[in-house]
Amino acid sequence: MSLDKFRGANFSADDFVERVSRTTTLLFDTAGQNENTLFDPSPLLRTFEEQIEQLWRMHDEVAREVQAREEILREKESQHKQHMEELENTMQAAFSSLQSLSTRISQVSTKTVHVGDQLEAVSTRRRRATEAAEIMRHFAELDREGGGLLPPLDRIDANIHQAADIIQKLKYIADEMPPGHVAVARERIGQLLETVKARLLQGFRRAYGDVDLMREFAHTLYPFQAYPSCVEHFNQHFIEQEYPIGDTNVCRAILATCSKAKAVVDQVFLAPANVFSEFVHTVIDTKLKRHVAEALTTGGPEKLETLHDLYKKSKEMVGELSRMADLGPEAYLEEKLLRKMVFEKYLSSYIFTEEIGLHDNYERALVAFYDSIGHVSWGLRGKEKKSKRPELEDKQSPQETMLSLGVAFNMIHENKRAIERCRDLASAADLPDFVFRVFVKLLEGLCNDHVHYAVNFAVRQLPASKAKGEPPLVFLSVVKDTNSLFYLLQKHYWDDVLPSVRTSLSVYPTCVQRKNDVMESLENQLAQGLAALVDACIDWLKTILAKEQKKTDFKPPEDTLEVINGPCTAACRACVAFLTRLHAQIVSCLNGKNMENVLRHLGKRFYNVLFEHVQQMTFNTLGGMILVRDMSEYERCVQAFDDSVVMGLFVTLRELSAVVIVKAENIKQLCEEGRLATLDRGLIQTFLQLRADYRSAKISSLFKA
């Protein structure tokens, strides 16, 4: 038995015992034992004792081996620890040496840099001294009478850049000299300077197209006063050569030209941002400004739209330029390039032009509308406007409302377009005031000249008191159209006007007050007109009752019983027919509280008319039945008014009418029922006096205490 059997994770003590037991049992069976022989456990016990003894021996061997290995491990650990301590000491020494070396290298490097700086300073001083000596030789030669030119000044064309540098330095020296000294040198240097500048400018012009050569000349010219001339020549020449002449879209052409110019400017010039900014100013001044002037030379209604369109496109172009290069904020460019350079002439008078244009357009629209219906208007700002169709002047009809929703819609739309132009063309400070002034033109043209005139015209069409004909109801259509116009005007105010004026603390309240004053004035006119219409209708109802109602209607002969099943009286039928038409027109043209108030006012006024009318009649029994029938028809008619107050009045009037038909002995009982029980006895007594039998039946005694 070896230790290998007990190693590994698969060893099982149960399997080991089973295996030893099975081996011993097999040996016992082979020893000739039969089935009748009793089992002897002694061999099995001995086997297990031997196995246990072997296991103890193996245990002792393993323990000795473990102990030996532990001693070896402790010895190795001690050796490793000693080795690591030696390595640590070595590393510390190496690190100390490296640090010392780094310090030494740094010191040497510092000294090297210092020596290099000294050498460079010496070299610079030597070079400057050499250049100064050369400059002084040139200066001395130029200051000498009859002196010549030293190289490279003797061949300026061949050494233009070097000569330019020398001449520039000579110019500085000459300028530093006291006045009156080195006059010869100063004069000759001035001549040479002009020659060099001219040669450089010529060279730059000839170099157009060669970016490298242009850059060389531009850099040489930079210290000279001729540098702006170089930039100006480039701007003009580039625009002449690269601007797309055939492109009718000026803004697009300018953008394309600026895009090409920027690529060249960035490569050629020092301080390219300044040069490109000047190029943008030049191309806008030479191309856009000229185009705007040509487009706006002609006047007319289209001029404002043209101005607006040009400004919007120009503003978009400026935005693209701002994103193309760092030219400043877009708002700054718009103010500088567009408002002050290109459009200042037109924007300074824009709002006056806008006001005049709106005034003329509104007036033309109204005159055209009145001409189309053959009407002569006396209401356009107090001036008579003659019709262009005089043959129609006599055909004016009171059925015309004198209002046109189409004209109003076009006015509001035109005002909206004007406000859109204000938002783009006006400055932020002027916008609220400009929008308010534009809105005032709409209030004047639409409300004063159109609606106000139509309302006055409709009121004038109403007949005077005691008219002979039925009053026209066209005023109700005027009210309906006016309400529609009010809705359009209010929507325009909230959507377009208010967002622009509410930012101004001075303009906003003025605008609100102006709008409210105009609308309140029109509302008062409409209210007065409705009151006049109701008066005219009541007068007509009175006329109908006076003409159609006969006193004999309510005193028919007692033997004519067929009148009981007959129709209402002619006066009642005529009044009901007119009231039905009037109610339908009111419901069609009015709504809300306006309709309720008009119907209530009309119902109460008609109740008073009927009450007074009945007081003028005398009734017999059949006449009282006819009266109740008429009152019931009136009640049915006003029921459509849908007003509890009016309905209550007519129900009361019908019940009051019943007192003229009941028998005398039943009158007292009737007056104690229904609405009559709540009425003043004097009022009931008034109706009782209308009975034909009032005296003969001694009805007055019924109410005496």
Practice prompt. Please step through side chain to side chain contact (heavy atoms under 4.5 Å, CB included) for the pair Ile538 and Val609, ending with a clear verdict.
Written response: CA-CA 8 Å; Ile538 293 299; Val609 169; 3.6 Å; yes

Response to the item:
Leu530 and Leu590 have their tightest heavy-atom pair at CD2-CD1, 4.4 Å

Fill in: Aromatic plane relationship, Phe439 with Tyr493 - under 30° parallel, 30 to 60° tilted, over 60° perpendicular
tilted

Discussion item. Main chain of Cys568, side chain of Arg573: is a donor-acceptor contact present, judged purely on distance under 3.5 Å?
Written reply: yes

Discussion item. Is the shortest side-chain heavy-atom distance between Leu653 and Leu649 below 4.5 Å?
Written reply: no

Worksheet item: Does the side chain of Arg437 come within less than 4.5 Å of Phe352's, by heavy atoms?
Response: yes

Item to complete: Hey, could you give me each pair passing ring-ring contact (aromatic ring centres under 6.0 Å, His included) that has a residue in residues 494-528? Not counting sequence neighbours.
Response: none

Discussion item. Keeping Tyr362 on the side-chain end and Leu446 on the backbone end, is there a donor-acceptor pair under 3.5 Å?
Written reply: no

Discussion item. Give me the atom names and distance for the closest heavy-atom approach of Ser657 to Val628.
Written reply: O-CG2, 3.8 Å

Discussion item. Treating Ser348 as the side-chain partner and Lys345 as the backbone partner, does any N or O pair qualify as donor plus acceptor under 3.5 Å?
Written reply: yes

Worksheet item: Between Lys551 (side chain) and Gln616 (backbone), is there a donor-acceptor pair under 3.5 Å?
Response: yes

Worksheet, complete the sentence: When rounded to the nearest 0.5 Å, the distance separating CG of Asn361 from CD1 of Ile356 is 11.5 Å

Item to complete: Go through Lys313 and Glu316 one step at a time and tell me if the salt bridge (Lys or Arg N to Asp or Glu O under 4.0 Å) criterion holds.
Response: CA-CA 5 Å; Lys313 291 180 178 179; Glu316 293 174 359; over 6 Å; no

Worksheet entry | Between Tyr370 and His450, a side-chain donor and acceptor under 3.5 Å | yes

Fill in: Donor-acceptor under 3.5 Å (Ser484 side chain, Lys480 main chain)
yes

Worksheet item: Short question: side chain of Asp449, backbone of Glu363 - any donor-acceptor pair under 3.5 Å?
Response: no

Discussion item. For Glu305, is there an ion pair with Arg417 - N to carboxylate O distance below 4.0 angstrom?
Written reply: yes

Discussion item. When you compare the side chain of Phe343 with that of Leu307, does any pair of heavy atoms fall below 4.5 Å?
Written reply: yes

Item to complete: Please confirm whether the backbone N or O of Ser644 pairs with a side-chain atom of Arg600, one donor and one acceptor, at under 3.5 Å?
Response: no

Fill in: Salt bridge present between Arg636 and Glu633 (N-O < 4.0 angstrom)
yes

Worksheet item: Hey, what do you get for CG (Leu622) to CG (Leu627), rounding to the nearest 0.5 Å?
Response: 12.5 Å

Worksheet item: With no hydrogens and no angle check, do the side chains of His452 and Asn448 hold a donor and an acceptor under 3.5 Å apart?
Response: no

Item to complete: Starting at CD of Glu635, measure out to CE of Met631 and round the result to the nearest 0.5 Å.
Response: 10.5 Å

Discussion item. Using side chain to side chain contact (heavy atoms under 4.5 Å, CB included), reason through Leu403 and Thr482 one step at a time and then give a plain yes or no.
Written reply: CA-CA 8 Å; Leu403 281 177; Thr482 302; 3.5 Å; yes

Response to the item:
Shortest non-hydrogen pair, Val438 vs Cys422, comes out as CG2-SG, 3.7 Å

Fill in: Asn410 and Glu414: side chain donor to acceptor below 3.5 Å
no

Worksheet item: Does Asp430 offer a backbone N or O that forms a donor-acceptor pair with the side chain of Asp433 under 3.5 Å?
Response: no

Discussion item. Do Ile586 and Met595 make a side-chain contact, defined as non-hydrogen atoms from C-beta onward lying under 4.5 Å apart?
Written reply: yes

Practice prompt. Could you tell me whether Arg423 and Glu420 make a salt bridge, using a distance below 4.0 angstrom between a side-chain N and a carboxylate O?
Written response: no

Discussion item. Check whether Thr569 reaches the backbone of Cys572 with its side chain - one donor and one acceptor, N or O, closer than 3.5 Å.
Written reply: yes

Fill in: Pairwise side-chain contact, Arg339 with Tyr311, heavy-atom cut-off 4.5 Å (strictly under)
yes

Fill in: Qualifying ring-ring contact (aromatic ring centres under 6.0 Å, His included) pairs, either residue in residues 613-649, two or more places apart
Phe554-Phe619, His583-Phe641, Phe606-Tyr634

Item to complete: Using the side chain to side chain donor-acceptor pair (under 3.5 Å) rule, take Gln513 and Asp517 through it: C-alpha gap first, then chi angles, then the decisive distance, then the call.
Response: CA-CA 6 Å; Gln513 187 63 43; Asp517 289 345; 2.7 Å; yes

Worksheet item: Between CG of Leu579 and CG of Leu541, what distance do you get to the nearest 0.5 Å?
Response: 5.0 Å

Discussion item. Does Val451 form a side chain to side chain contact (heavy atoms under 4.5 Å, CB included) with Leu522? I'd like the steps, not just the answer.
Written reply: CA-CA 8 Å; Val451 180; Leu522 288 175; 4.0 Å; yes

Fill in: Minimum heavy-atom distance Ala293-Tyr346, with the two atoms named
CA-OH, 3.4 Å

Item to complete: Taking Ser588 for its side chain and Ala584 for its backbone only, find out whether a donor-acceptor pair lies under 3.5 Å.
Response: no

Response to the item:
Rounded to the nearest 0.5 angstrom, the SG-CG distance for Cys537 and Leu602 is 6.5 Å

Worksheet item: Do Ser314 and Val342 come close enough that some side-chain heavy atom pair is under 4.5 Å?
Response: no

Discussion item. Apply side chain to side chain contact (heavy atoms under 4.5 Å, CB included) to residues Asn456 and Tyr453 and explain how you reach the verdict.
Written reply: CA-CA 5 Å; Asn456 283 342; Tyr453 175 77; 5.7 Å; no

Discussion item. Are the side chains of Met402 and Val478 in contact, using a 4.5 Å heavy-atom criterion?
Written reply: no

Practice prompt. Could you pull out the closest heavy-atom pair between Pro432 and Val501, with the gap in Å?
Written response: O-CG1, 3.6 Å

Worksheet item: Measuring from Arg364:CZ to Asp371:CG, what's the distance to the nearest 0.5 Å?
Response: 13.5 Å

Response to the item:
Nearest heavy-atom contact between Phe369 and Val407 is CB-CG2, 3.9 Å

Worksheet item: Does any non-hydrogen side-chain atom of Phe578 lie less than 4.5 Å from one of Pro471?
Response: yes

